[in-house]
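Working notes for the structure below.
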Amino acid sequence: MAAVATVATDDWSLWSTSARLVVTDPALLPEARRIADAVLERVELASSRFRPDSEILTKAPLFPVGALVSDTLAELMRLALASAAETDGDVDPTLANALGAIGYDHDIRLILDDGVPVRAIASTRPGWASVRLVGNRLTVPAHLGIDLGATAKAAAADQVAARIVAELGCGVLVSLGGDIATAGPAPAGGWQVLVQDAPLDPCAHVTLAEGLALATSSTQKRRWTKAGRPQHHILDPASGLPAEPVWRSVTVAAGTCHRANTLSTAAIVRGHKAVAWLRELGVPARLVDAEGVVVSLGGWPDDNRSEALETSETPAAADAEAERSFL
């Protein structure tokens, strides 16, 4: 498919972060934004922990006995459970209570230090393994709470990109707070992406081919203090506490944004063990440690020059692998 030259961009704030939509036909940008808004509203209404009318909150009292949920929430849960299975529980969608215990119980912009010490909530049995999803019937033990923050945003980026290319036929890049999905024909020269988590971090310029996705997980964003001690939003399920900040950030390229984010989040949780794990998987990855030293794996290009990222994954293959690991 031939690359096209012209792009148009729309930026806005979303979910306490930033959103960007880029299309290869400027005339289609308003309609593409309409599609994006509709998909994102549906995802938020299904999965937000901070929206009182969200499905995940209004149906929570029914989860212990099993509740029929919407197609949107069922799909988001399927993907979240697939992430948990692929990472041996390092990315666990049942950490809502643990997040609340360390202070992340409402919108990140509104968190104040209440002076109450952190209370870790951990379990010897992984919470995700107790969740059952049969068709659209979701069953969650009463002592667990669902939080889809680790996977829903990336899944939403995939869904927005897929819907826009299906309905409009143009090339599209969707970025939701560092989770990037692409679909359709890329612009001439590919999608140009700056990878830099914080302003003073080392940066990299990479080129994404059409259909490739990228996700960055960070211990520097979504931070707050509790009883004077710093916290961040990526928990180690084994301890119920924020993962040790071995890495400032981890960026992974994959066939879908969902899988890229699954791997980048798990790498934060795994700390020093992440390098061998990602190397074995063979995915392009870039890890920035606490001192700003960059570790590149799987063909990730040198930071000193802009190069194209390549991966053998296709979106279909990545989704199939995730589903196999879940089933």
Side-chain angles (χ1 to χ4, degrees), residues 15 43 46-49 56 69 72-96 98-99 123 125-134 138-140 144-159 161-162 176-181 213-219 222 233-238 240 242-243 247 249-271 273-274 277-278 280-285 311 313-327:
W15 302 339
V43 169
S47 63
S48 175
R49 278 202 303 129
I56 209 165
V69 299
T72 298
L73 183 52
E75 173 65 6
L76 292 173
M77 281 301 308
R78 182 190 70 81
L79 290 170
L81 292 171
S83 294
E86 183 176 14
T87 62
D88 295 324
D90 284 337
V91 182
D92 189 328
T94 66
L95 300 180
L99 283 165
S123 174
R125 185 170 189 262
W128 71 273
S130 302
V131 175
R132 295 290 176 263
L133 180 63
V134 180
L138 176 62
T139 306
V140 183
L144 296 175
I146 296 298
D147 173 73
L148 298 177
T151 54
K153 181 158 61 69
D158 286 328
Q159 291 178 20
L176 303 178
D179 291 340
I180 298 173
L214 198 70
T216 297
S217 295
S218 168
T219 59
R222 296 184 183 271
H233 72 295
I234 301 179
L235 298 192
D236 180 349
W247 308 109
S249 63
V250 177
T251 304
V252 176
T256 66
C257 192
H258 165 253
R259 184 158 196 264
N261 181 267
T262 295
L263 300 183
S264 64
T265 301
I268 293 286
V269 174
R270 294 191 179 205
K273 297 178 181 178
W277 179 62
L278 291 172
E280 183 179 357
L281 291 174
V283 293
T311 176
E313 283 190 336
T314 64
D319 283 344
E321 178 60 33
E323 186 154 352
R324 281 197 297 274
S325 66
F326 173 43
L327 298 175

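Position 1 is the first residue of the sequence, and the numbers go up from there.
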Taking side-chain contact (heavy atoms from CB on, under 4.5 Å) as the test, write out the residues that go with Asp147, two or more places apart.
Arg49, Ala96, Leu99

Could you state the interatomic distance from CD1 (Ile268) to CG (Leu235), rounded to the nearest 0.5 Å?
12.5 Å

Between CG on residue Leu73 and CG on residue Leu133, distance to nearest 0.5 Å:
8.5 Å

Can you name the nearest heavy-atom pair linking Ser217 to Thr265, along with the distance?
OG-OG1, 3.1 Å

Value for CG (Asp179) from NZ (Lys153), rounded to nearest 0.5 Å, stands at 3.5 Å

Closest heavy-atom pair, Val91 versus Ala150, reported as atoms and distance to 0.1 Å, is CG1-CB, 3.9 Å

Testing Leu79, Thr256, Asn261 for side chain to side chain contact (heavy atoms under 4.5 Å, CB included) with Asp158, which one passes?
Thr256

Can you see which heavy atom on Ala260 is nearest to which on Val252, and at what distance?
CB-O, 3.4 Å

Dump the intermediate steps for side chain to side chain contact (heavy atoms under 4.5 Å, CB included) on Ile146 and Thr94, then the final yes or no.
CA-CA 5 Å; Ile146 296 298; Thr94 66; 4.1 Å; yes

What one should report as the nearest heavy-atom pair of Ala157 and Ala181 is O-CB, 3.5 Å

Distance col, row Trp128:CH2 vs Asp90:CG, nearest 0.5 angstrom, shows 11.0 Å

What's the shortest heavy-atom distance between Thr262 and Ser83, and which atoms?
OG1-OG, 2.6 Å

Measure the spacing between CG of Leu138 and CZ of Arg78 and express it to the nearest 0.5 Å.
14.0 Å

With sequence neighbours excluded, what pairs up with Ala156 under the side-chain contact (heavy atoms from CB on, under 4.5 Å) test?
Trp15, Leu40, Val43, Leu176

Is any side-chain heavy atom of Pro93 less than 4.5 Å from a side-chain heavy atom of Thr151?
no

For Ala266 and Trp277 the tightest heavy-atom approach is CB-CH2, 3.6 Å

Atom OG of Ser264 and atom CZ of Arg259: how far apart are they, to the nearest 0.5 Å?
11.5 Å

Are a donor atom and an acceptor atom from the side chains of Ser218 and Ser249 found within less than 3.5 Å of each other?
no

